[in-house]
Amino acid sequence: MNLVIVESPTKQKSIAKILGQDYLVRSTYGHIRDLPTSRLGVNVEDNFSPEYVVLGRAKKIIAELKKILADRPKIYLATDYDREGEAIAWHVTEVLKIKPEQAWRITFHEITPPAIKAALQNPRKLDINLVNAQQARRILDRLVGYRLSPFLWRKVRRGLSAGRVQSVAVRLIVEREKEIAEFVPQDYYQIIGNFVFGQVPGQKIRATLYRLDEEKVEFQQSFNFFATEYKITQTKFTDEKKVAELIKILSTGNYSVSKVEEKPGKRNPPPPYITSQLQQDAARYLHFSPKRTMSIAQQLYEGISLGPQEQVGLITYHRTDSVYVSPLAIESGRRYIAEKFGSQYLSENIRHYRTRVKGAQEAHEAIRPTDVRRDPESIKKYLTPEQFKLYQLIWTRFLASQMASATYQQLIVEITGRDFSGGDFSSAVFRLHGQTLVFAGFRRLWTMAEEEGEKDQAEIVRPAENSRVSAESFLAEKHTTNPPPRYNEASLIKTLEEHGIGRPSTYAPIVSTIILRRYVQLAERKFRPTKLGLLVNDILVKHFNFVVDLQFTARMEKELDEVADGKQPWTRVVRETVQPLEESLSQAKDIARQKVTAEVTTARCPKCGAPLLRKEGRWGEFLACSAYPECRYTARINSSGQPNPAPEMTAEKCPKCGAPLLKRHNWRGRAFLACSAYPDCRYTRSIKDAQDKLS
DNA sequence: CAGTGAGCGAGCTTCCGCTTGACTT
């Protein structure tokens with residue numbers, strides 16, 4: 001029996017099923033070796049030679065692999081077809097001392113019988129260049145992270161961290177906050193005309209002022225923000241009085257229909273899900289955090305017991321950057337569409353999507369149902385409500401991706417006014433732009449399109465061209481330009497991904513890290529930087545700009561590709577990054593220690609009457625007396641930034657010891673009942689009061 | 001995740017990327 005090694009136990013099961021009796025399949029559970037956590041683990045003097053240690057969790061699996069290794073003529077390393085997968089395979093051969101002539105590398109993009117069998121027909125040797133590209137990536141990240149973090153411990157506070165990915169994530173949030181602060185909102189007016197045409201009583205049409213003579217009234221402004229180009233459209237009417245005068249002039253004109261244009265429009269379905277897109281949609285439509293989405297997706301991937309049958313994996317792998325779909329799955333999806341909806345709902349040709357993600361490694365398929373015939377409703381009773389909702393999203397999105405386009409009829413009506421008394425223009429064009437759905441296509445299934453601003457109108461009335469219309473009324477609608485929105489978890493991930501920063505397996509953890517370090521806070525699901533975040537970001541931008549540059553990762557990836565292609569040694573890539581890093585470190589080594597300025601609050605110290613300060617400590621913000629160290633008073637702050645109210649006596653008695661119960665508040669600001677005999681009696685009970693539930 | 005929970009407030013911290021359970025925040 002030959003041995004096949006993969007990295008995921010679920011992949012192990014699927015492959016074992018496909019390969020049958022002749023192969024023994026085992027999984028590594030991810031990486032098995034890494035640099036040590038407690039020290040640098042890289043010998044910079046000796047060409048960056050790494051010190052690898054076996055991960056604790058891998059000890060057992062390695063011991064087992066060693067046992068079953070003997071007398072295997074061939075060992076197939078079937079880890080993912082990407083940089084990390086190649087490295088895992090290499091570490092396995094190193095740790096298990098597998099001889100080169102024994103080790104065969106096989107790769108595939110989909111876990112289907114034809115793909116796996118084809119892979120076994122074409123085994124190859126380990127690609128040491130690709131392994132070296134991974135080593136360069138790993139060592140570079142270690143050097144950046146483990147050199148910058150201690151610098152921050154010395155200059156700001158212990159326990160802080162910095163890194164190629166997290167520090168850019170924080171910077172995005174900081175820069176956005178500046179962009180919002182500097183944005184000057186502008187009031188502007190849109191002028192609406194209500195026109196009547198046809199036989200009395202007539203039909204009504206509502207159109208917006210579009211042009212005065214040849215000049216359009218709307219214009220677009222574009223802001224070059226840190227990570228994105230921000231565009232806003234507004235009209236040139238900003239003065240309320242002038243708008244009122246304009247309306248007076250407009251109402252003196254004679255109006256007629258100058259253009260009626262009808263043309264077809266269409267919209268294509270979105271591609272099947274990749275990790276980041278699933279996280280975004282689950283946040284938008286289901287209000288799941290990326291972390292939650294990944295945890296539920298993991299359950300769907302690992303498998304659910306559907307009745308008496310054994311566990312069955314409902315979706316393909318959920319950490320992917322590829323929109324590729326197995327031909328078999330496309331075929332069964334298309335058959336399902338034709339059967340359930342009719343062949344008119346099928347796209348004319350098979351839709352092939354292109355992966356747009358920068359630096360995508362495309363080791364897996366898109367996220368899709370493993371069997372489209374398991375429609376969400378039919379298995380609903382076996383799923384938790386959350387599993388059901390996420391599965392439904394994935395299933396629907398996949399099927400929609402092979403469905404026909406939605407088609408529309410677009411209508412543009414222009415009404416021109418002339419013969420005005422007063423005003424410095426001779427014609428004014430009002431315009432109505434509407435569309436009606438002709439054929440739903442994929443939108444029959446993918447109903448999210450409506451929420452994406454795809455508003456359909458009922459039948460729009462069509463006046464005849466050149467017919468006269470009467471102006472019934474004009475009005476000015478006031479609008480204000482909006483600053484760019486703060487990031488939420490999903491949009492932050494989207495932006496990082498657009499710049500090739502982070503990987504599907506790290507998107508959710510990145511968010512957790514920057515919150516854990518207290519660089520940023522989530523309030524009402526929006527990110528804001530903390531004072532600490534602002535301070536650390538300032539230091540990094542000032543002294544280590546090249547690291548927190550949006551292009552840093554992109555440049556690194558380009559170099560790593562050259563390593564993978566054998567065009568340059570991996571040590572050169574590391575050296576070229578480490579040199580400026582060390583120079584910056586030595587230049588910044590004598591900068592003054594920075595402090596997060598404590599905020600003076602309006603509250604007074606109950607002990608000595610001095611003002612209280614809001615300070616950041618190891619466990620978050622707390623209130624401290626400004627007379628420290630003479631007065632050592634401190635108080636906790638709950639998660640909404642307020643000190644908790646003092647405990648309150650209630651009329652209720654403790655069911656355990658009979659002492660009166662106190663109403664207290666926990667660290668989140670939530671009230672609960674606790675025994676006043678604490679710590680002798682530790683009874684507590686939740687208050688099931690709607691008032692205390694902030695969500 | 002669900003449900004806990006009450007204080008602590010300058011000493012051994014930290015990176016990114018693969019993978020799952022463990023388990024008390």
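The basis for the numbers below is simple: all heavy atoms, side chains too, and nothing from hydrogens, waters or symmetry mates. Chain naming here is simple, since letters A, B, ... match the order of the sequence lines and numbering starts at 1 in each. Quantities reported herein were computed from a predicted structural model and do not represent experimental measurements.
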Gap between atoms CG and P, on A:L160 and B:dG11 respectively (whole Å): 15 Å
Could you state the CZ-P distance from A:R147 to B:dC16, rounded to the nearest angstrom? 17 Å
Is there a side-chain contact between [X] and the phosphate of [N], meaning an N or O under 4.0 Å from OP1 or OP2?
X      : N      : result
A:S8   : B:dT20 : yes
A:Y317 : B:dT19 : yes
A:Q166 : B:dC15 : yes
A:R517 : B:dT13 : no
A:S295 : B:dC1  : no
A:T506 : B:dG17 : yes
A:R39  : B:dT14 : no

With distance as the sole criterion, is a donor-acceptor pair present between the side chains of [X] and [Y] under 3.5 Å?
X      : Y      : result
A:S8   : A:Y317 : no
A:Q166 : A:T513 : no
A:Q298 : A:E302 : yes

Can you list, in residue-number order, the parts of residues 56-65 of chain A that come under 4.0 Å of DNA chain B, counting heavy atoms only?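 Under 4.0 Å from DNA chain B: A:R57.
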Please give the distance between the P atoms of B:dA22 and B:dA6 as a whole number of Å. 27 Å
Span that lies between the C1' atom of B:dG7 and that of B:dT25, in whole angstrom: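 That atom pair is separated by 15 Å.
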Assign each of A:E557 and A:R593 the nucleotide of DNA chain B bearing its closest heavy atom; nearer the 5' end lies the nucleotide of A:R593
Closest nucleotide of DNA chain B for A:R319 versus for A:S289: which of these residues is on the 5' side? A:S289
Can you figure out which of B:dC16, B:dA6, B:dC1 approaches the side chain of A:R292 most closely?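 It is B:dC1.
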Which one, B:dG17, B:dT20, B:dT19, comes nearest to the side chain of A:D80? B:dT19
Would you say the side chain of A:R503 and the base of B:dC16 hold a donor-acceptor pair, judged only by whether the two atoms sit under 3.5 Å apart?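 When only heavy-atom distances are counted, A:R503 does not reach the base of B:dC16 through any donor-acceptor pair under 3.5 Å.
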Stem regions touching DNA chain B, defined by at least 3 consecutive Watson-Crick or wobble G-U pairs below 3.5 angstrom: none
Categorize A:T37 for me: base, sugar-phosphate, or nothing, with a 4.0 angstrom heavy-atom threshold over every strand shown. base
